[in-house]
Amino acid sequence: MSEPGTTRRGFLGRSATIAVVVGLVGHVIAWLRSLVPNVLYEPPMKRRLGAPDQFPTGRTYVAEHNVFVIHDTRGFRALSAVCTHLGCSVGAKQEGYHCPCHGSVFDAEGVNTEGPAPRPLPWHPLSWRGKALVVDLGTTVDADTVLDPKPKGGSG
Amino acid sequence: MSAPGWRPRDLVKGFRPRTPREGADAVVQNFVLHAFPVRVTKKALGWLTSGWLGTISLHLFLVLTLTGAVLLFIYVPSVERAYASVKDIEFVTSFGGWLRGTHRIAAHLMVIVVVLHLVRVFLTGAYKKEGPPGAYRPLNWWVGLVLLLLTFFLSFTGYLLPWDQLAFWAITVGTQIAASVPLIGEEIRQLLLGGTTVGQPALIRFYVLHCFVLPALVIYLVAYHMWRIRKDGGLAATDRVVEDAKAQARVVPPAPGKTYTLMGATEGGTVQAHTPVALIERESTPAIPAIVRRAFATFVLTLAVCSLLGVMLPAPLEEPANPAVTPNPAKAPWYFLWLQELVSILTFQVGDVTVDGAFLGGVLLPGLLVLLLAAWPLLDRSPAAAVGVWFHSSRKVQNRVFLALLFATAVLTVIGTFLRGPYWAWMWPWDAPPAPPTWM
Ligand code: HEM
Ligand code: FES
């Protein structure tokens, strides 16, 4: 019995080939996996915006965190300034918002009205931490979620 | 002839052969020259055959590698220091501004020249499957397409390194386009950025891609590109010369003693001994020094143009990256503006469904364009007689389609470059630039 596939030499040869291929594939997988970070050293998504008196009635742009804080009779809301098209920071105009990158226009409620942006600007939930406003950029809420203008105190 | 082993002067042996025989010998005696054939057709050497555009692309790549290597010693790939180190190169380092300007202008020229090279290959039908036995030029067309994409990606990654406003917003928009891919988009974006936001991990990733991974791929693929030209029996224009000679029965079988068969004297022969080129005396000439001279001349010219333009058009540096403020308008480099135009105009509403321009213009259309170019050699039905001929009459229709696509891209680029003002709004070049945007 010396069919090409059944000799000892053939068996060893095939085993060696498989071992080498598995080894190389293993390396490539390890290389790629190592490029997916396990820990992100990025700022947390909950950002402290400061005391409410920094946000007079109307809207205030917090450049550092890329949000507009909107203060009206009902309370506080936070509108993302990150354009839903490709992520540029929108600027405020008289009524609504305007994106410098490809000209998307949003109305005062952040709804896209012109240009390439496919979705409205998202709203982020606000909460109190002590006497300071905190925004959570990691989650979104609907446009009607308003934070009561009085700090409740306690933990945050 | 005693056998002295190796002598230092062997390094330059054959660069200036005194006899055709010395030139032919150089191909196997000199490492640098081994890339060349023994004989080439005069046609293939002609300036109007290829424009030497591929060679000039390679020279530009060489200029980029050399100037880039020097910049590498000064540039610091950290978000805190990258901008300052580039500013240092620009204003403090001796000759730094010139080096940076030369590097940048060579990058822009490389994009232009590589595209022109593709256009010339297309219009001369030099990518066609028809060819001498053993030839398969579509392979080089595909390698070339990858090189084109690498050239774009090299430009894009290099653009980010100064970490100025331009860099920051280009990476923001560029990676967001990647994120518009359905299902796996966000994963791709995060793999590119090494995180969820544009920061240090993103900078180091683009830095390593720009300085090592992409140039290494280019070097490897260019070597393969050159080797394939030899396997394909020389430039496509050679086919016509050989066919004509055959038709006129002027092909001389290789006889022992002919200079160009010298290398073929060993048993089995070598490539150059049996390529069709070697069979036609009258239309061909020793490759060395003919190619060496022209390659040297085009290199010197390329270097001179880059050096001069590097002084005349210094590389710009915007304000340091500021994640809070997007410049207005925020424009990509000019060769990406046709894409920026596409992503801007292709969002539209069908009933209740919004078609996302980012995916359509940033991923799908360019992807289809590349696929179309890749499939073209397989779809091309023009006869063998069209290989290596400018504007062959049998290719009229496909040349028009190709040029129309090229023209559309050019028009979009011109619109994006000159006719778009703040907020990407239409603006004639003679309109006064509007008042600077007010940020609350
Ligand atoms: C980094 C970019 C590139 C470099 C350095 C390069 C280099 C070269 C060189 C030196 C030649 C010899 C002829 C000449 O000088 O024109 C050549 C030929 C060729 N190139 Fe490229 N090339 C590049 C990109 C491309 C692209 C984008 C394509 C097309 C998709 C392409 C397809 C071809 C083909 C098919 C040939 C053979 C042409 C013939 O037989 O006439 N190359 N290339
Ligand atoms: S990123 Fe805002 S319109 Fe494109």
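So that the names make sense, note that chain A is the first sequence line, chain B the second, and so on, each numbered from 1.
Taking CH2 from Trp424(B) and NE2 from His85(A), the interatomic distance works out to 10.5 Å, rounded to the nearest 0.5 Å. Rounded to the nearest 0.5 angstrom, Leu86(A) CG and Asp356(B) CG are separated by 7.5 Å.
With a 4.5 Å cut-off on non-hydrogen atoms, Cys88(A) touches chain B through its backbone and its side chain both. With a 4.5 angstrom heavy-atom cutoff, Gln340(B) touches chain A via backbone and side-chain atoms both. Contact of Ala358(B) with chain A is made through backbone and side chain together, with heavy-atom distances under 4.5 Å. Using a 4.5 Å cut-off between heavy atoms, Thr196(B) contacts chain A through both its backbone and its side chain. Using a 4.5 Å cut-off between heavy atoms, Arg420(B) does not touch chain A at all.
Interface residues of residues 155-173 of chain B toward chain A, defined by a heavy-atom distance below 4.5 Å and sorted by number: Trp169(B), Thr172(B), Val173(B). By a heavy-atom distance cut of under 4.5 Å, not one residue of residues 209-217 of chain B is near chain A.
At distances below 3.5 Å, at least one donor-acceptor pair connects side-chain atoms of Glu42(A) with backbone N or O atoms of Thr197(B). Looking at Ser89(A), its side chain never comes within 3.5 Å of a backbone N or O of Thr326(B) through a donor-acceptor pair.
Here the closest non-hydrogen pair linking Ser344(B) and His102(A) is OG-CD2, 3.1 Å. Counting all heavy atoms, side chain and backbone alike, Pro37(A) lies closest to Arg205(B) at CD-NH2, 4.4 Å.
Heavy-atom pairs under 4.5 Å with chain B peak, among Val36(A), Leu40(A), Asn66(A), Leu35(A), at Leu35(A). Here Val343(B) is the residue among Thr175(B), Leu346(B), Val343(B) with the most heavy-atom pairs under 4.5 Å with chain A.
Taking a 6.0 Å sphere around CD of Glu187(B), one finds it holds more than 12 heavy atoms contributed by other residues, nucleotides or ligands. The 12-atom threshold is not exceeded at CZ of Arg8(A), counting heavy atoms of other residues, nucleotides or ligands nearer than 6.0 Å.
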